[in-house]
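What follows is one structure encoded as structure tokens, with my remarks underneath.
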Amino acid sequence: WARKTALIEVPIKNIERELICPICKELFTHPLILPCQHSVCHKCVRELLLLNHDDSFDAGSECSLPGSPGPRSRVPSPSMERLDRLARSGSVSSPGWRRGSVTPRVTTFPCPGCQHDVDLGERGMSMLFRNFTLESIVERYRQAARAAVAIMCNMCKPPPQEATKSCMDCKASYCNECFKFHHPWGTPKAQHEYVGPTMNFRPKVLMCPEHEMEKVNMYCEVCRRPVCHLCKLGGSHANHKVTTMSSAYKILKEKLSKAIHFLISKEDQVKTQISHLEVLIHQTEENGQVAERRANEHFERLFETLLERKSEMLRSIEESRTRRLEQLRGQVDEYQGMLENSGLVGYAQEVLKETDQSCFVQTAKQLHTRITRSTESLRTFHPAADSSFDEFALDTSREETLLKELCFGGVPEPPIIDLSRSRVYNEGLLCWQLAEDALATDHQVLEYRRLGAEPDEEGGSRWLLTDRVYGSSAVVCDLEADSLYAFRVRCCRNSLFSPYSAEVTFHTPPAPAFGFLFNDKCGFSSERLVLNKRRDSVECVAGMTFLLGADRVQTGSYISLDYIISDTGISQGRHYWAFRVEPHSYLVKVGVASDSKLLEWFHNPRDTSSPRYDHDSGHDSGSEDTCYELSQPFTLLTVGMGKVFIPKASSVVGDRVLPMPQRIGVCLDYEAGRVYFYDADTMRCLYERQVDCSGTMYPAFGLMGSGRVHLEEFITAKRLSYM
């Protein structure tokens, strides 16, 4: 296998795309490994976190990085340990904060590779490992890219000689003569580790970022990162599953080798797919040119039609204008004749001078008729033509609308409802996404109906429509409890509707959603429970108290639960809430408890010598069997290690150890005094029992060992909106 790998080794110059930082788009510089396993330059992480902060990192070190362009200096680049010391000391781990500053510290940013939020916590950048392997590969790439430029000896007097080796202990490069001089035989320096010429000097041993004096010697399988023995003993990885570094190295290297071998074995398939993609690229270019040509032809025809209509209209306007002017000018001439000593009046005055009666009568009759007509026109004056051209005014609004609605993309693709982000309670939040290559749409319409309702004329329940939606989600209100609803959505572009999306169904809970956040005041143990800022997620970690009490820990005994409750109680009605328990959680108890029982838990804390201490512990025990019928002021269901444990004395038939659902729902009927536990995705009831609701009841959670609980966003949304 090693021989085969050597034969197919990829040239270092061919992997440049894997060595580019996703933020600065340049070769990685001091890359850091984020918790999601993506790598980002040290300076890029610092810039992402920077908030009105004067950079305390020595900017000069960035200018003298290995392989950076520009004149080469004989002064060695800054030590890699110096960068680690700066990171661990906090001088570069707290962008956005400094002593005496009131500016809030920023420790969260989205990973540029996967967009997941990265929370660096209180330690900031100091919790991140340097990716030394990636640094070495980048350095080899730089050397291959500048093969003509040699690494010079750091110890030679001018002019320096070309270096032949580099000492990893001295962190300097030497020619043969200088190396012999500075590493004489018989001295400790003769035992130094040396490699070929390089500018990348990394530490021999990887140190723990949380415990800077400890070497990492284990691998946390939960967090997928190297840890030291102190991290496992009492740190944040105390209850996580770890393995030895040698075992992790062997397993991961074997997995990587198999993955590489698989890819290499599929080389012909990859080449075939690349050829297919190249054909698609060629077809895309050709089809794009054809579409462009056809679009030009369509618009040219439109332009020609508009020009023809324009010419016809202008010709009609010109003819009408000429005719009207002729009529108005003729009327002006006629009225000019009515003036004294001109035209008709002047002619009539001359006729009056005629003395011969027969001749006068002969002429005057016709003249009188003309004057009478002119006199009538004075009384009822009307212009011979209208000066307005309103009949030629155009209303092109409809045509403009049609032009704007010209459809170039055909019928739009149907959207896809996103089940992972959609949630349905007494209100429903439906989210969807458009096809990746789809054009922008004008709006979407969400439709829903209750299955099993009274049928309409067509034999099915009637679809209800929401208003136009201009985003990628919509909220549906007033859904009936304990009902099955179907949802579908379609989009509209240029008055054309897409086909409907595939119908999805959701079962509403048996009661309205109960909104609350975790209570960080009442009984909250800040030593062992970590609550996020929004108070919608809690995590149990090992604390110093447990270590100090280790002398009381014996095999199989002394188990202690840390409880946390909601900040809002229930004193009437039916209420439902949902949450997620992380699959790696060791032991989490979920349910309800009365205020009287909580006072006992919080004010009389006791370690229990057995899981049978509480009647409803969820474990098999004789005490649980005898007391099951008694109505207790609390009910807690045990969840852990990816399982749900149904109490032995329950009425459940069959397997009492069930796979843990992705989301767990709890419904409390206060008046009936019963509590129900559901698979929140399918609304299948897992377990129910009687509970004494004599006081105010609170959603309660108990955690032990490694565990984390997240409240559903819909449960916390209304509470967070008022904070």
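- Salt-bridge annotation for Glu254 and Lys258: present, with a side-chain N of the basic residue lying under 4.0 Å from a carboxylate O of the acidic one.
- Between Arg423 and Glu712, at least one side-chain N (NZ, or NE/NH1/NH2) sits under 4.0 Å from a carboxylate O, which counts as a salt bridge.
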Does Arg574 form a salt bridge (Lys or Arg N to Asp or Glu O under 4.0 Å) with Asp669? I'd like the steps, not just the answer. CA-CA 4 Å; Arg574 287 167 58 89; Asp669 190 333; 2.9 Å; yes
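- Taking the side chain as every heavy atom from C-beta outward, Tyr698 and Thr696 approach each other to under 4.5 Å.
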Evaluation steps, side chain to side chain contact (heavy atoms under 4.5 Å, CB included), between Val644 and Leu637: CA-CA 8 Å; Val644 174; Leu637 184 67; 3.8 Å; yes
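- The distance from atom SG of Cys228 to atom NE2 of His211, rounded to the nearest 0.5 Å, is 5.0 Å.
- In the displayed structure, Gln572 atom CD is contacted under 6.0 Å by at most 12 heavy atoms of other residues, nucleotides or ligands.
- Taking the charged nitrogens against the carboxylate oxygens, Arg663 and Asp681 do have a contact shorter than 4.0 Å, which makes a salt bridge.
- Listed for the Asn532 side chain is a donor-acceptor partner under 3.5 Å among the backbone atoms of Asp536.
- Ring planes of Phe516 and Phe518: perpendicular class, angle over 60° (limits at 30 and 60°).
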Would Ser706 and His584 count as a side chain to side chain contact (heavy atoms under 4.5 Å, CB included) if you check the C-alpha gap in whole Å, the side-chain angles of each, and the deciding distance to 0.1 Å? CA-CA 8 Å; Ser706 172; His584 71 266; 3.3 Å; yes
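- Between the side chain of Ser422 and the backbone N or O of Leu419 there is no donor-acceptor pair closer than 3.5 Å.
- Between Asp567 and Arg535, at least one side-chain N (NZ, or NE/NH1/NH2) sits under 4.0 Å from a carboxylate O, which counts as a salt bridge.
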